[in-house]
Every structure is written in C-alpha cells, then in structure tokens.
Trainee: 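Structure below; questions to follow.
For the numbers below, each heavy atom of this structure counts, side chains included, while hydrogens, waters and symmetry mates do not. Proteins come first, then strands; the chains are lettered A, B, ... in the order of their sequence lines, and each starts at number 1.
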2 protein chains.
Amino acid sequence: MSKPDAALPTPRPVAAARRKAAGAAPARRGRPPKAQAKAAGETRELILDAAEDLFSKHGFYGVTIREVAREAGVDTALVHYYFGAKRDLFDAVFLRRAAVWNDERVAAIDRYAETAGEAMTLEGLLEAFLRPPFEWSLKGGPGWKHYAALVAQTNANPSFGGETMARYFDPAIHRLIELIAKVLPDASEVDLYWGYHNLSGALTLTLGETGRLDRLSNGLARSGDLETAGDYMVRFAAAGFRAVVGMSPRQP
Amino acid sequence: MSKPDAALPTPRPVAAARRKAAGAAPARRGRPPKAQAKAAGETRELILDAAEDLFSKHGFYGVTIREVAREAGVDTALVHYYFGAKRDLFDAVFLRRAAVWNDERVAAIDRYAETAGEAMTLEGLLEAFLRPPFEWSLKGGPGWKHYAALVAQTNANPSFGGETMARYFDPAIHRLIELIAKVLPDASEVDLYWGYHNLSGALTLTLGETGRLDRLSNGLARSGDLETAGDYMVRFAAAGFRAVVGMSPRQP
DNA sequence: GTCTATAAGATGATAGAC
DNA sequence: GTCTATCATCTTATAGAC
C-alpha cells in the first residue's frame, strides 16, 4: 500500500565519509583561493549561517567544524577564532534568533489581545502565536527556515540548546497560556499545560518539515505547505484546548 | 519567572571526551576480565539493548561503537561481528520491535472496532491506538521505553530509520485513518491526514519524555506521566479531528 | 565466538607565521 | 583577521590468533 521508495532525507555519513561516498571532486590541488576581504562582521555571520543550516539538518554530533567552515567558505581555524569550542558555536547559533523569534510572538498575541478586547477568541490567539514562525519559515529566507527546524529539533531533544530554549521560549509560552486562561476561565493550569504540550508537539513536527507526511499521505498533504498546516493547526488545537477544560480540577 | 537551572539532559561530549570530563576511573590496567560464556543469542541482544538505549538518547552520530560495546559488556569487535557497519546496527535496533509495535496497535484498533460495532467512537479508536505504546513505555521494561524514544526521534528526523518507519508504521496509521473515516464520514482524506499529523506530533513529543513540560510548567505537569498524557491526548485529538472535518473538500 | 592488535583515516583544537 | 601546519586523540572497521 505504501510506497517504500519515495524521497526521504538520505542517511548522512560524517563529513569525509560522505565526500568519499559521493566520489566528490578530488580535493582541489594547490593553494585554495584567498578569501576576499569581508565586510566587518560578515565572516561571523557566514559561519553562523552555515552552522545553522547543518546543525538543523544533522544535529550537533552530525556536523564537523571542517564542514561548517567549508560551507561558510572560510578557514577552519576561523571558526574557533570567532566562537571557540564547537559547543559554543552551537549555542551562538541557537541564541542568535531566539530573542527576535519570541519577542515577535509575544508582540503578536499582545497586539491581538488589545485589538480584540472582549471579542478575543481562542482561534485568534493561536493564529497570532503560530503565524509568525510559519511566515518566517516561508518568507524569511533560508536562515529562518533552518532556524525553525533547529527549534523543532531542540524542542524534541533539549540536550543541546535546552537552557537557551527555557530562557527565551518559556516566557513567551507563559504569556500565551495566560491569555488562553482568559478565554477559557474554567480551565486549570494543568489543563492548559497539557493542552499546550499537545500543540507544541504538532508545531515541532511541522517546523521540522521532515517529509513524513508527504509520504504517508502519498502526496495528498505536504509537510512544506505551512499555510495549510497553520490553518489546520489553529482549528485542531483550539478545539483540543476546549475539550480538555476541566480534566484536572482547578487549584483553590 | 522560569528557573533556568532545573534538571535537563546534560550536553554529551562523545565517548572519550565525556569520560575525560567526568574524571572517570583511570581506565583499569591490565587484562579486562574475560566475558562469561553467554547463552545462545544473548550477546546479540545485549548489544541491541545497549545500542537502543544510547541511540535513543544521543542519536546516530552521538554514539560510538566502543560505547555500545562498553555498555553491553562485550568486546568492540563483536559488535561488528554481529552487525557489520554501524549503520546496520542502527537499522537492526529500529527493526527489532517495529513489527511487534505496529501489529499490536493494529490488533488493538481492529479488536475495538469489532467489539464496538455501530457504537464505535473517535475517542475509543484513539484510545485503542495510543494506549499500547504508552503501556509499553511504562511497563514493558527499559528497552521499550528506549524504543519509544527512538521512534519519537525517528519521526521527528527520519534521516535514520525513515525507510523502516515508512514500511512498518505507515500501514498501521493507514488502518487507523480508515477507521476514523468511518466515524467521521464527512471528513476528506486530506482532513484526516492533517489531523493525524497534529496527533502524531503530540505523540512524538510525549514519547520522547524530554522533561521540557516539567520545566515549563514548573512541575505541575510531568513528561513521564504517560497515563495523564494519554488521557489528555485522546480528548485533545478527538476534538481536534472533529474540528477539521470539512476544511478541505472531499474528492468526488 | 571472543579477543588482540592495528590499519587507515577523521576530528576538535591550537600555535604561530603572515 | 586569516591561513598553514600540526598535535593528540578518537573513530570505524578488519585481520588473524585463540
């Protein structure tokens, strides 16, 4: 019934093993061309961009410093010069967009809450909270798409970036839950946390854009169709939140 | 507001680096004790168990063969003797429980559908489909818990195990969707696939037991409380499925 | 089946010339 | 800031003795 041969991300041997397997160009002889002079801070950003891309696809251990340098078009030693240890590079990547990402989401729900006033709805709130990341992932350039996948990965396994995630993402989530509580006054805090947990999983899986859904549905639904994903998610989660109200008794 | 110092999985340098960092025992001198004779097939299982544990926590690249051998209490060369390349070991781990896992879920929803007959409900179906993995993770011993986390990881990033996942998991999911279609006759296939996508994300995040929820909720809700997670998930997803019925027009 | 020894190469990181 | 050269270590994987 299912077609076990559709396109899935290919397994990825670490840097050199992959180059070998791919029968890649025989490692250009002689001097590599000197890098052109870069604008101030540009090298730093190039490295972050490359690392963001690779970490989001292969995880911390699946990426080598050499690979990052190669994709960034800079020398290996420069990566250490700018960021120190590999782990620090990862943290820098995750940190770079964390504040923007969350400030924007908080601003969006606050703006919505103020505009809507008494007419505030659950769907409206979720829409305001979910749409910014989807929009960035779609239209913010490749960096934002990679970052979205990195956030998804970190949410699913906080071994790397967990600290940063808790520091920057949790306050935004708390604000959302606070506002949902106004719309669902009978919900307990526990109800809302479990509700958010369910939403969070869906969001994470969506931002990862793994292609699983494409294959499962034989192309009927596409992982990368974030517009549609958002529409379904808002409806699905709003109904879900309402359905779990009252499952745990409220604290007195 | 959040406590940025609670317990989260610690970053994990690769094998030797971690041993060094931990200031571990000075690598015992002299001959290691010979392994006792093992029952037939036991060594194989020991290796699979160790690999399952480690892969589920650190991913493919975050685990070394030496580490697997050490945790299994066998010689490094034996891992290759039994499984060949590292990638083949990973596949063997993922494959070992794939059939059981999915056969049991299909059996559970089929049994439910037959017993309930006309009285079949969405909640009943989801309960039948979701409870087995939760039960195993809770009561099936550590192996099943590790496997659940591995499934979660693979769903979130199918670079490794994607093929196996599609082959073994998709048919079970298709069967679930088929039965949901009976309960929600007005839903289009697309509606159901997006609905399942939302459920799948929640399931994945839950089986991962990352501790994110514990921290976010300051201990009010616990990732490891799979009983409660299941109760909320059934209610949340059932309402979600109903809410998305009709969003995409049905195929003629 | 189990272990020793070792090949063959990749990796994170740094010192120091320019 | 950038690049070369290199260290010290780790990694997968195999050949071959027992």
Trainee: Once you round it to whole Å, what is the distance between P of D:dT11 and CG of B:L54?
Mentor: 13 Å
Trainee: What's the CG-C1' distance between A:D75 and D:dT6, to the nearest Å?
Mentor: 13 Å
Trainee: How long is the line joining NE2 of B:H58 and P of D:dT11, in whole Å?
Mentor: 13 Å
Trainee: By salt bridge (Lys or Arg N to Asp or Glu O under 4.0 Å), which residues pair with A:R105, not counting sequence neighbours?
Mentor: none
Trainee: What does the list of N/O pairs under 3.5 Å between the protein and nucleotides 13-17 of chain D look like, with a distance for each?
Mentor:
unit_1	atom_1	unit_2	atom_2	d
D:dA13	OP2	B:H80	NE2	3.3
D:dA13	OP2	B:K86	N	2.7

Trainee: Is any NZ, NE, NH1 or NH2 atom of the basic residue among B:E163 and A:R215 found under 4.0 Å from an Asp or Glu carboxylate oxygen of the other?
Mentor: yes
Trainee: Just the rounded figure in Å: distance from C1' of C:dT2 to CD1 of B:I47.
Mentor: 11 Å
Trainee: Within this structure, what is the CZ-to-P distance between A:R44 and D:dT2, rounded to whole angstrom?
Mentor: 12 Å
Trainee: Throw together a table of side-chain donor-acceptor distances under 3.5 angstrom for residues 74-86 of chain B, partners on residues two or more places apart or in other chains.
Mentor:
unit_1	atom_1	unit_2	atom_2	d
B:D75	OD1	B:A77	N	2.9
B:K86	NZ	B:F60	O	3.0
B:K86	NZ	B:V63	O	2.7

Trainee: Rounded to whole Å, how long is the line connecting atom CG of A:L78 with atom C1' of C:dA15?
Mentor: 15 Å
Trainee: For residues 132-144 of chain B, which side-chain N or O atoms pair as donor and acceptor with protein atoms under 3.5 Å away, sequence neighbours left out?
Mentor:
unit_1	atom_1	unit_2	atom_2	d
B:E135	OE1	B:K139	NZ	2.8

Trainee: Once ring-ring contact (aromatic ring centres under 6.0 Å, His included) is applied, do any residues pair with A:H197, and if so which ones, sequence neighbours excluded?
Mentor: A:W194
Trainee: Compare the minimum distances between each of C:dG12, D:dT11, C:dT2 and the side chain of B:T64, then state the nucleotide with the smallest one.
Mentor: D:dT11
Trainee: Could you list the residues that satisfy salt bridge (Lys or Arg N to Asp or Glu O under 4.0 Å) with B:R44, not counting sequence neighbours?
Mentor: none
